Amino acid sequence: MSSFDPAVTEPRWQAAWENAGIFTARHDPARPKYYVLEMFPYPSGRIHMGHVRNYTMGDVVARTKAAQGYSVLHPMGWDAFGMPAENAAMEQGGHPADWTYANIDQMRAQMKPLGLSIDWSREFATCDPEYYGQQQAMFLDMLDAGIVYRKNAVVNWDPVDMTVLANEQVIDGRGWRSGAEVERRELTQWFFRISDYAEDLLTALDGLKDWPEKVRLMQANWIGRSRGLQMAFSTVGAPEGFDRLEVYSTRPDTLMGMSFAAISPDHPLARNLERHDPKVAAFNAECRRIGTSEEALEKAEKRGFDTGIRVRHPFDTALELPVYIANFILMDYGTGAIFGVPAHDQRDFEFATKYGLPIPPVFVARGADEAPLDEAFVPPKTEPVRYIRGFAGPEEQTGTDAIAAAISFCEEKGVGHGVTQYRLRDWGLSRQRYWGCPIPVVHCDACGVVPERKENLPIRLPHDVTFDQPGNPLDRHPTWRHCACPSCGKPARRETDTMDTFVDSSWYYARFTAPHAETPTDPVEAEYWMNVDQYIGGIEHAILHLLYSRFFARAMHRTGHLPAKAIEPFNALFTQGMVTHEIYMTRDAQGRPVYHLPEDVEDGKLKATGAAVTVIPSAKMSKSKKNVVDPVNIISQFGADTARWFVLSDSPPERDVEWTSSGAEAAFRHLTRVHRMAHEAAAYTSGPHPADADLARATHRAIDEVTRGIEGFAFNKAVAALYALTNAVQKSDAGAEAKRTALRTLAQLSAPMVPHLAEEAWHILGGAGLVAAAPWPKPDPALLTDDTVILPIQINGKRRSEIKVDKALPTGDVEKLVLADPEVVRFLAGASPKKLIVVPGRIVNVVL
RNA sequence: GCCCGAGUGGCGGAACGGUAGACGCAGCGGAUUCAAAAUCCGCCGCCGCAAGGUGUGUGGGUUCGAAUCCCACCUCGGGCACCA
């Protein structure tokens, strides 16, 4: 009997699959198709356990669907543009393209031993000119269709490095390299009109039945539809042209509780004032140092600057209220100006407290009297409250009703009008960086902004660039930006901004259906393969990537690149958890923490020195904490099947899984056991046995549980069912043929998870052909049900006894048996029960 | 700060509102072995000799019955528009 040696068998079966060509996606109109996609990786250079988990899950689905008779598309590619390649070029020299393609080669070489059922013939990288050229073609179509436009927007500007910084490069308001205080700068940038699709993107969420509810909720909140009042205050003492101040509020019912107005530091009025008043300029500059991220703005201490300007209250024009510039007002939302109602908004409350403004309550809880507040009173809008400073609708009403009444009232009085607003902002796609898809437009002194001609695509990135100085190398390239105007032919300049990498990942799923087409998509292939039937990736992409992809599919449809059915490109979504590991730490002489790789630690001690390590609870694997397990090492030690089996075991896929060496060893042990059992069963000689029927039952129960586990994305439960079947075969007295049959089924059911071992076992047990090509087993319903059932008996909700009854026994007979049960008799002590609840086939509860 | 999740034995977890702890890990006992490894068999929430009690982050509530539903809170994680 040969021993279990994955290092030998895994490459052998991978070669067998390749020779059979069974993973090549085939456009076969006679068969239903199934498109499985995992979020493609960024080519960092090394795969990590998170990748293994993600791709193994997709592989389980792909292999199961293939066995169930679908024509499966399961592709792989690379999200290859982005900042890390430029950072590497700056830090280590070299070129982003060389770095990226070398990383791709390494990662592909690390992935192939996993034995994934991927159609590698469809592989591409988003930095391939063949890919980004088609992206440029779509950009031009979208420009033509009015989906793309230019406007000014703020960026983080590092005044020392003279470069634009990403939010993650701004640390405590300073540039990560230069340490200089970051400024906000306005640049003219390209935008997608995603906000035009806000309503559709919101309402269509209801149709995404196979998406996690939490993702739909997060997207709905992100889009943030609100109904409110837009109105103008007349101003006193404002500069010319600012005699009115437009505000938007979702709580117009609280208008009588207003004690100030506030505008964004980027509001036109604030900008006007700062030109004449150095104090305003200084305050605004201070605000702009917070950066551009909403998180930073919200967390910053609330500060304001009294402009001296006043606004008149629309319902009491004698009342004049101060206008502040405030650092927490966003220019992008509403009109960039608000009226502050401190009694019913916590931010306004803090602001009013700080600046000594009045806090008049508009409403109080039902039955309560007006009293000074020590925090804002913000009950749910659905809760009825009593309005003491209301002006529309009854005294007692819900916030929702009061808002509607306030809008109607204001519209009647001509004070303002009801509007529907969205929090969702247009998608800025311009990046002042080299390693991205060039935006295919030309700036001509005579013709303005001119789209490049499609026949000139792709506009390729120049290779001869350097990263020895900060800023965008495209800007300082000696020749690249000089070109002829596509319209008038005179000398002109190329756009040197490139596209946000979210653009690249917003349509790769469509490109996989025809990766080498001469147009962005091939209508015939897109029609057959779209949509993605199952998309799998991290929850961190719940909002941006998925929302952008949903928008882009709509934009592609409008420009003729996708069929109507593909505007929601992902039929089903699954978001998987992270792979975590304990962190091992010691301290150096200065008391600073020093982290250690798991492979250098044994029994809580460093292998090298024997020093005890501090164990910090599990966290996401990260290089800085060194709590990483390299899949390459695991594969060389145990084989790919062990890594695959581990990441599917124990934890539910949507939750984090903690990697432990004992778990990996257990996985390996289990696979070894199955291998050994296959050999033993193959050598068995014994006739039929009465236990054969029980084993068949166990087998069919496993078919049922594993199939439901896989289809319900509960791989951990499928794994548990496979353990149970393995145990059942081991303990069974069944005859040789019955055991072989059970083990062949075990091999089939295991094949999506541990495909190499499954092939090996299938082969040993005399299965025909490849198990990867064998049809998925179906459970026999007759073998799934039991005639008798154990019925637990509760007394006052506590389990006290049980009876074994025929499943079909009428409730009346069950009641008689229950009342005769010794435990029940003992508890009743002669009395009769108050109530007797029989849930047929499940439980009995006796209420005393 | 705002939005969204998650919390069950020593550990990972299982459980249509119906026997809490399936399955795995660790641990303990036994078989096999000259011995060990490997393997196999059994036990295993906590308190208790037992009877029994108790138990799903905390505190309330709904229900014949709550890990599951509702309210409040605590802790941890994801996202916050230029990280991917």
Side-chain angles (χ1 to χ4, degrees), chain A residues 39 41-42 44 79 81-84 153 155-156 164-170 189 194 212-222 224 292-300 302 328 332 346-347 423-433 500-502 504-505 538-545 547-548 575 577-578 580 617-620 649-652 654-658 660 662-663 665-667 669-670 672-673 676 714 716-717 719-724 727 730-731 790-802 833-837 839 841-848:
Chain A
M39 291 180 186
Y42 179 79
S44 61
D79 189 11
F81 275 136
M83 290 201 305
V155 294
N156 298 306
V164 177
L165 298 177
N167 282 336
E168 70 157 10
Q169 297 174 320
V170 180
Q189 312 211 57
I194 188 173
E213 181 59 33
K214 63 178 169 182
V215 174
R216 291 187 285 161
L217 240 181
M218 280 191 263
Q219 292 216 354
N221 290 338
W222 185 261
T292 59
S293 87
E294 190 175 320
E295 183 188 3
L297 288 175
E298 293 268 3
K299 277 186 178 163
K302 311 284 173 279
F328 58 92
D332 296 307
Q346 190 56 31
R347 281 188 310 192
R423 205 185 76 99
L424 180 67
R425 309 198 293 256
D426 277 340
W427 171 13
L429 68 123
S430 300
R431 296 292 181 271
Q432 295 70 40
R433 286 182 234 293
D500 178 8
T501 56
F502 272 124
D504 312 337
S505 56
I539 186 67
E540 65 272 21
H541 297 293
I543 297 174
L544 293 179
H545 162 63
L547 190 64
Y548 288 156
T575 55
M578 299 179 298
T580 64
S618 249
K620 180 178 182 166
S649 309
D650 294 350
S651 289
E654 67 276 15
R655 254 199 257 173
D656 294 350
V657 63
E658 181 180 0
T660 60
S662 62
E665 282 156 22
R669 232 174 13 240
H670 169 74
T672 308
R673 179 159 78 129
R676 190 175 56 240
N716 56 324
K717 285 190 253 172
V719 164
L722 288 169
Y723 270 116
N727 291 340
Q730 172 117 28
K731 294 195 168 93
I790 291 171
L791 222 47
I793 299 173
Q794 292 183 330
I795 293 167
N796 282 345
K798 264 193 197 314
R799 184 187 166 282
R800 297 290 181 183
S801 183
E802 61 184 34
K834 216 184 268 175
K835 213 170 181 183
L836 191 55
I837 295 153
V839 184
R842 307 264 349 163
I843 203 166
V844 178
N845 194 7
V846 184
V847 185
L848 299 182

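Proteins get letters first, then strands, A, B, ... in listed order; numbering begins at 1 in each. Quick caveat, the model's predicted, so the values are computed rather than measured.
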### Task
Specify the separation, in whole Å, of atom CD of A/Glu540 and atom P of B/A84.
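Taking atom P of B/A84 as the reference, CD of A/Glu540 is at 13 Å.
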
### Task
Please report, rounded to the nearest Å, how far the P atom of B/G79 is from the CG atom of A/Leu297.
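Going from A/Leu297 (CG) to B/G79 (P), I get 19 Å.
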
### Query
If you look at every strand shown and take non-hydrogen atoms under 4.0 Å, does A/Leu424 touch a base, only sugar-phosphate, or nothing?
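Counting heavy atoms under 4.0 Å across all strands, the contact made by A/Leu424 includes a base.
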
List the protein contact pattern of [range] with one symbol per nucleotide (5' to 3'): B for base contact, S for sugar-phosphate-only contact, - for none; contact means a heavy-atom distance under 4.0 Å.
range: nucleotides 1-6 of chain B; result: B-SSS-
range: nucleotides 59-73 of chain B; result: -----BS--------
range: nucleotides 25-33 of chain B; result: SS-------

### Task
Specify the residue among A/Glu802 and A/Phe502 whose closest nucleotide of RNA chain B lies further upstream toward the 5′ end.
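Looking at the nearest nucleotide for each, A/Glu802 comes out on the 5' side.
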
Strictly below 4.0 Å: does [X] bring a side-chain N or O up to OP1 or OP2 of [N]?
X: A/Asn727; N: B/G24; answer: yes
X: A/Ser293; N: B/C80; answer: no
X: A/Asn167; N: B/C83; answer: no
X: A/Gln169; N: B/C83; answer: no

Please tabulate, one pair per line, each protein N/O and nucleotide N/O from nucleotides 51-54 of chain B that are separated by under 3.5 Å, including the distance.
from	atom 1	to	atom 2	distance (Å)
B/G53	OP2	A/Arg800	NH1	3.4

### Task
Please work out whether B/G9 sits syn or anti, treating a glycosidic angle within 90° of 0 as syn.
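With its glycosidic angle within 90° of zero, B/G9 counts as syn.
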
### Summary
Each base of RNA chain B marked ( ) or [ ] if paired in-strand (Watson-Crick or G-U under 3.5 Å), | if paired to another strand and . if unpaired gives (((((((..(((.....[....))).(((((.......))))).(((....)))..(((((..]....))))))))))))....

### Message
Taking ring-ring contact (aromatic ring centres under 6.0 Å, His included) as the definition, give me every residue that meets it alongside A/Phe502, ordered by chain and number, with sequence neighbours left out.
### Response
A/Tyr548

